[in-house]
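Below is one structure, written out as structure tokens; comments come after it.
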Amino acid sequence: MPSDFDKPYDPKAVEPEIYEKWEKSGFFNPDKLPKKWTKTFTIIMPPPNANGALHIGHAVFVTLEDIMTRFERMRGKKTLWLPGADHAGFETQVVFDKKLEKEGRSRFKIPREELYKEMLSFTLENKKIMETQLRKLGASCDWSREKFTLDPEIITTVYDTFKKLYGDGLVYRENKIVNWCTKHQTTLSDLEVKYVERKDPLYYIRYGPVTLATVRLETKFGDTAVAVNPKDKRYKNLVGKEIEIKTLLGPAKIKVIADGAVDQKFGTGAVKVTPAHDPNDFEIWKRHKDEIPGPRVVIDQYGRMDLREFWDRPNSKKYHGLKVMEARKIMEEDMQKEGLMVKIDPDYAHAVATCYKCGTILEPRILPQWFVRMTAKPSLRDLAVRAVKKGEVKFIPARTEKIFMHWMKNLRDWNISRQIVWGIRIPAWYCGCAEIIVSPDPPAKCPKCGSKNLVQDPDVFDTWFSSGQWPFATLGYPNGKDFKTFYPTDVMETGHDILFFWVARMIMLGLYRTGKIPFRTVYLHGLVRDKDRQKMSKSKDNVIDPLGVAELYGTDALRLALVIGNTAGNDIIISEEKIRGYRNFANKIWNATRFVLQEIKKSPPKAEKSDKIKLGKLKRLVKETTRDLESHRFHHAAEHLYHFFWHYYADKVIEEMKKKPNPLLLLEFHRTLIKLLHPFLPHITEKIWEELPGPAGGKNKKLLMIESWPKP
RNA sequence: GCGCGGUUAGCUCAGUGGUAGAGCAUCGCUUUUACACAGCGAGGGUCGGGAGUUCAAAUCUCUCACCGCGCACCA
């Protein structure tokens, strides 16, 4: 027995050496695989955010994607798993903001160029760490093709897509009411809004002859109308008339209008219309532009009262500059004193829009932003819905398709402008006339008015706009050889939490740009939780560091623990105990190998009477494992292998061989099982393979990673 | 409001028509030369309630209860 086959199995001594062998072999690169392997298999890795260390969720995708990659490679396919890293726009901006804050700095005080440079080096530093960590997890991806979301060729592709969309009228710039985070000082897409249930006072206030209900008392100064339902008999005689009202800033007049969006049954059936600060009211105003004044801004970008428009009115300075919530409280008291408050319902339950990152209540604002048109016909949405309906893209688990369709149905235009520095700057230029020039480079002059004084849009793209183009951008669309060879890709494996953010956008933009779906199968995994089903978070101190446990128990054990017992789409429960359990399994395999090597040394394998029952069972296992892997039932395959190896092969077959040796059969079993286990436990199996004799004797020369998968 | 799920052993979960499973946990025995990171064995579930289809239901249908998730501009 070779000296390095000591007990127990020591992953620390084996794993790094094995990864190095794989990487040196070049077989991660499909071009280096045997030429006769022509059928392709492609996975584009969801690029991890290069703004911190890898967490356990990353270990999940590495495990699943590596299993698929290794399985298909062993089946003789030209297999490409393309790795990448994401600059992760707003996400990284938030991380970096926190870092700055700790240092007593603020991004709002750093010049754009300087901030960008600093963030770039921060990101590239993290990217390097991340790449090392992916290697430690055993990822058999092609590093020679690695891409970063800010690579020049990726940005060029993104710019080309934007230009095409603009030419087709599918992106447009418009002043619209958008979600604004007063902390992060940027707009957010509808997906980045988190609605939280809250209880707030509902104020019934007196507007002359009308009583109306509102939560947002402070927006009252921005009212431009009172709206009622056209069918509401109570207000019939008021519609179209101006009513005299008493306000905290003195007397005023306001018009009553009729709009079908007003619910007669809610409150008093009358609402105040504040188009500058409420999305509903903005829409109402758009329908009544001729009748009522436009939006009147009374809250600034920091969420403070801005009453400069009312400077000449009494009391305006009293509220000016107050935070929204402070203003609301003081106004409540003042209105009660003035007799303007009819009643207060103190515990009105409603949903409030907040920033998904910091929880700050969003302040709707009207801003010029770029939108991707989703609802027009024909639209990006139609392309995607049609392809999915036709079954060109298959979802795992299948129920995801219903969720996808439901979201697509409710889709609205997508705001892709962000007021941050970190990202791909929007390639649009303005001069002051109405003309917009879409170009990556500064145009010499405006073709319409001739002005040479052009300024670029200060905003950057929503990061999902660019990463939504990832599959074809990384493969070098339109002329790249890789694009022709590997697109459409086979599987997109990612977390179900980014189904809409990313997967849906990739399908839409992929179809739009290339005319083809970006991937045939979407496999979604769940969120990782601890053994008490708690979300992992630093504050709960229940975070499992994948690299830490891999160091302790071995990467292979971690990988198996992440696969077994976890089905697609469902949350993944992991605990250190579980990982330890599979560490024991690795050790079991190791020791069984020691037995096999010892037996073979004792009596070299030669033809014995074959055991049809045992071989039949093995054959069935090969068949089932293959079928399970083909249908993405990884947990099932892994569980069966575990059970078969331990409770049949080790407990029965090996035990029997101690009494009645049959080294040839033993070797057949061992070779087959090691191959079947390789996608799940790549390091230990590769190490064992080195020492295992081939069927004709002599050590295996080929790496296990490119050995042929057992024939089912 | 619309949509999607879940409810199986103490815990975490597999199992989708044919006599209830795994890991961990618990208990007992065994230091037998691959392995104590082990082996052998034990306990433990009327598969959320009810109804139906079927020769047969954890599995299909309906219904109720509870839990979870997603989407959503009701002031």
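Each chain gets a letter, A, B and so on, in the order its sequence line appears, and its residues count up from 1.
When the nucleotides B/A38, B/C71, B/G70 are ranked by their closest atom to the side chain of A/I403, B/G70 comes out on top. In this structure, of B/A14, B/A22, B/A72, it is B/A22 that holds the atom nearest to the side chain of A/H643. Distance from the side chain of A/I573 is smallest for B/U12 among the nucleotides B/U12, B/G23, B/C71. Taking only side-chain atoms of A/P8, from C-beta outward, the nucleotide of B/G70, B/C37, B/C35 with the closest atom is B/C37.
For A/K286, the NZ atom counts as densely surrounded, since its 6.0 Å shell holds more than 12 non-hydrogen atoms of other residues, nucleotides or ligands.
Within the 4.0 angstrom heavy-atom criterion, no nucleotide atom of any strand lies near A/H277. Using a 4.0 Å heavy-atom criterion, one finds that A/E599 contacts no nucleic acid atom at all. Within the nucleic acid shown, A/S575 has no heavy atom closer than 4.0 Å to any nucleic acid atom. At the heavy-atom level, A/V596 lies nowhere under 4.0 Å from the strands shown. In this structure, A/Y9 reaches neither bases nor backbone, as no heavy-atom distance under 4.0 Å exists between it and the strands shown. A/K658 comes within contact range of at least one nucleobase, with a heavy-atom separation under 4.0 Å.
With rounding to whole Å, A/D345 atom CG is found 18 Å from B/C74 atom P. One interatomic measurement links the two molecules: CG of A/D571 to P of B/C11, which rounds to 18 Å at whole-angstrom precision.
Between the base of B/A38 and the side chain of A/K588 there is no donor-acceptor pair shorter than 3.5 Å. The base of B/C4 is not paired with the side chain of A/K402 by any donor and acceptor separated by under 3.5 Å.
A side chain to side chain donor-acceptor pair (under 3.5 Å) with A/D190 is found for exactly one of A/N415, A/N179, A/N410, namely A/N179.
Judged purely by distance below 3.5 Å, without hydrogens or angles, the side chains of A/E691 and A/T593 never pair a donor atom with an acceptor atom.
For the pair A/K617 and A/Y648, the cation-pi criterion (under 6.0 Å, within 45° of the ring axis) is fulfilled.
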